[in-house]
Number of protein chains: 2
Amino acid sequence: MEFTASPKPQLSSRANAFSIAALMSSGGSKEKEATENTIKPLEQFVEKSSCAQPLGELTSLDAHGEFGGSVAGNSSPSSSSLCTEPLIPTTPIIPSEEMAKIACSLETKELWDKFHELGTEMIITKSGRRMFPTIRVSFSGVDSEAKYIVLMDIVPVDNKRYRYAYHRSSWLVAGKADPPLPARLYVHPDSPFTGEQLLKQMVSFEKVKLTNNELDQHGHIILNSMHKYQPRVHIIKKKDHTASLLNLKSEEFRTFIFPETVFTAVTAYQNQLITKLKIDSNPFAKGFRDSSRLTDIER
Amino acid sequence: MEFTASPKPQLSSRANAFSIAALMSSGGSKEKEATENTIKPLEQFVEKSSCAQPLGELTSLDAHGEFGGSVAGNSSPSSSSLCTEPLIPTTPIIPSEEMAKIACSLETKELWDKFHELGTEMIITKSGRRMFPTIRVSFSGVDSEAKYIVLMDIVPVDNKRYRYAYHRSSWLVAGKADPPLPARLYVHPDSPFTGEQLLKQMVSFEKVKLTNNELDQHGHIILNSMHKYQPRVHIIKKKDHTASLLNLKSEEFRTFIFPETVFTAVTAYQNQLITKLKIDSNPFAKGFRDSSRLTDIER
DNA sequence: ATCTTTACACCTAGGTGGAAAGTT
DNA sequence: AACTTTCCACCTAGGTGTAAAGAT
């Protein structure tokens with residue numbers, strides 16, 4: 001007589017996010033290895049929004065890796081990383097005067113920096129694993145009366161596959177990247193936001209999950225293990241009521257990246273220092289903390 | 001070095017629901033005891049949408065209790081209670097042809113019926129307590145292309161205060177109702193819904209919380225203990241982008257009630273049979289189940 | 001050899017009614 | 001006497017890394 005199941009599925013914002021993401025799924029690149037998926041409007045825009053300033057590691061084959069590594073905010077003195085210069089589009093898109101005012105800062109920069117120094121790793125599993133640290137951003141310069149969609153995706157940093165050399169505790173290039181996977185967009189479940197909301201409160205992507213399951217049906221972001229990735233945050237201004245992600249041409253958007261959030265996807269942690277930092281900073285991993293490191297006061 | 005706190009508060013749909021609810025708060029009645037709160041547009045509409053068919057218990061003083069008890073769906077043969085006839089407005093509001101097509105059914109009718117037979121009680125606490133059973137509804141007849149706001153409120157059934165006579169296991173009238181409390185609307189956090197979403201999936205109000213704290217700052221629904229209440233579900237069609245709950249006149253709405261969801265608010269359960277049914281049917285109360293009632297198979 | 005998967009103990013986070021103490 | 005409040009053990013639900021087993 002326990003009542004938990006129900007004849008109709010629960011209507012959740014997750015379901016909405018998933019259905020949009022599923023609709024928008026497309027090949028991760030436009031190379032010859034591109035999958036059979038059709039390129040949809042937003043995906044086209046997102047692809048074009050990558051930065052024209054190449055990293056040293058870039059190859060001409062790499063459709064995804066055209067990121068600027070020198071994004072503003074790396075040396076921000078405050079507790080958050082301010083990213084006022086988003087990706088410069090390959091096909092230049094000049095943001096409107098209004099959208100150009102928008103700035104986006106990373107709220108958890110100190111923690112990301114600690115991981116970045118060691119070489120951030122993120123676990124990916126078949127059922128999906130959360131990111132830690134979480135991407136948390138706040139916006140300024142938005143129109144408090146307007147409505148915005150905030151979303152995130154994760155794109156390859158280069159065209160390489162890596163392996164970890166335990167004996168020297170460092171990452172080595174292990175060859176060319178595996179074929180790209182269906183690119184998925186994670187639309188923040190609280191979207192659309194009013195500008196007023198965005199000015200008051202930060203946006204947390206804590207619920208986004210990463211998977212290595214190419215056939216994932218949950219809308220999780222699909223990644224290749226042992227590859228390097230860059231998360232990106234996008235904001236789109238809704239110009240009118242009918243405008244959706246499916247006819248993005250009628251809307252304006254901007255893309256922000258935070259280089260300190262680059263990570264390598266793994267199915268098991270490689271660098272023991274990363275494991276230790278995760279255990280010490282993620283509340284859910286408290287059970288693995290070394291109690292011998294307790295201070296006298298804590299003891 | 002544990003990272004859970006953050007400089008800016010998390011932007012959650014709860015916060016949104018609360019701010020709207022707070023804005024809409026108003027006196028629970030228009031009697032002389034009415035609070036200092038101003039009557040806002042939606043609240044006016046909602047008040048007017050009560051049913052013109054009086055219950056036997058009604059008094060002329062009772063601005064809230066004008067409900068029809070004979071709502072369609074009580075004798076529904078299916079697993080859910082179909083409520084095609086919502087409250088008849090005191091000031092008649094003829095729904096548009098389009099809105100008139102909308103039907104709303106209660107998904108958890110069997111369980112509600114079990115409680116209703118015994119006399120449903122709901123715990124209210126200072127910090128807020130969930131309802132059990134949960135109000136879960138599904139809609140039909142909505143326009144799949146339109147957008148809708150779905151919300152719920154809880155109104156007094158009569159102008160009485162009750163007490164429970166333990167020696168005869170029944171409720172007695174204990175006098176006139178206490179002064180009405182600020183009426184709050186619980187806007188479903190996934191609002192606005194597309195009609196398509198509403199046709200596919202049910203809407204669950206599992207997160208709504210009830211409190212007896214008149215000064216509650218969390219947006220919970222405030223009730224008087226030992227009073228009888230009727231939950232209501234409202235659906236509003238968004239006519240245009242700018243239309244919000246604050247200028248409801250430009251929108252259309254309908255109200256649905258399910259008489260089997262009437263309950264008495266209590267700070268501790270009165271009827272032991274209600275306690276037993278809660279323990280047996282609410283998964284969170286599993287710890288109180290009598291293991292002596294296990295069957296041979298379960299044992 | 002080098003990854004990947006699975007079951008698991010150990011957490012966080014928070015929803016239950018009970019029992020005892022508090023209030024009016 | 002008739003409620004109300006507080007703290008608690010016991011749950012659900014689900015996020016951690018581990019270790020052993022599995023896969024290629």
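Below, chain A is the first sequence line, B the second, and so on; all start at residue 1.
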Could you list the residues that satisfy ring-ring contact (aromatic ring centres under 6.0 Å, His included) with A:Tyr269, not counting sequence neighbours?
none
Please report, rounded to the nearest Å, how far the P atom of D:dT4 is from the CD atom of B:Glu121.
12 Å
Could you check A:Arg130 against B:Arg163 and say which one's nearest nucleotide on DNA chain D is further toward the 5' end?
B:Arg163
Find the distance A:Arg289:CZ to C:dA9:P and express it as a whole number of Å.
21 Å
Kindly write out the residues that satisfy side-chain hydrogen bond (donor to acceptor under 3.5 Å, both in side chains) with B:Thr261, not counting sequence neighbours, or none if the list is empty.
B:Gln230
Sugar-phosphate means primed atoms, P, OP1 and OP2; the rest is base. With that split, encode nucleotides 17-24 of chain D 5' to 3' as B, S or - using protein heavy atoms under 4.0 Å.
BS------
Does A:Lys286 have a side-chain nitrogen or oxygen under 4.0 Å from the phosphate oxygens OP1 or OP2 of C:dC10?
no
May I have the distance from B:Glu214 (atom CD) to D:dT4 (atom P), rounded to whole angstrom?
12 Å
For A:Phe115, what residues pass the ring-ring contact (aromatic ring centres under 6.0 Å, His included) criterion, not counting sequence neighbours?
none
Sorted by chain and number, sequence neighbours left out, side chain to side chain contact (heavy atoms under 4.5 Å, CB included) with A:Thr211 holds for A:Asn213, A:Asp216, A:His220, A:Ile222
Kindly write out the residues that satisfy side chain to side chain contact (heavy atoms under 4.5 Å, CB included) with A:Thr267, not counting sequence neighbours, or none if the list is empty.
A:Ile124, A:Asn212, A:Ser225
Please name all residues satisfying salt bridge (Lys or Arg N to Asp or Glu O under 4.0 Å) with A:Arg161, sequence neighbours left out, ordered by chain then number.
A:Asp178
To the nearest Å, how far apart are A:Asp280 CG and C:dT12 P?
14 Å
Using nucleotides 4-7 of chain C, report all nitrogen or oxygen pairs with the protein that are shorter than 3.5 Å.
{"unit_1": "C:dT4", "atom_1": "OP2", "unit_2": "A:Ser225", "atom_2": "OG", "d": "2.7"}
{"unit_1": "C:dT4", "atom_1": "OP2", "unit_2": "A:Thr267", "atom_2": "OG1", "d": "2.6"}
{"unit_1": "C:dT4", "atom_1": "O5'", "unit_2": "A:Thr267", "atom_2": "OG1", "d": "3.4"}
{"unit_1": "C:dT5", "atom_1": "OP2", "unit_2": "A:Asn212", "atom_2": "ND2", "d": "2.7"}

Can you tell me if the side-chain N/O atoms of B:Lys209 get under 4.0 Å from OP1 or OP2 in C:dG15?
yes
How close or far is atom C1' of C:dA13 from atom CZ of B:Phe284, stated in whole angstroms?
10 Å
To the nearest Å, give me how far apart CG (A:Leu277) and P (D:dT16) are.
14 Å
Check whether the ring centres of B:His188 and B:Phe205 lie less than 6.0 Å apart, and answer yes or no.
yes
Partners passing side-chain hydrogen bond (donor to acceptor under 3.5 Å, both in side chains) against B:Glu121 (at least two apart in sequence or in another chain):
none
To the nearest angstrom, the CG-C1' distance between A:Asn213 and C:dC3 comes to 17 Å
Just how far, in rounded Å, is C1' of D:dG15 from CG of A:Leu210?
13 Å
Could you check, using the six-membered ring where one of them is a Trp, whether A:Tyr164 and A:Tyr166 have ring centers closer than 6.0 angstrom?
yes
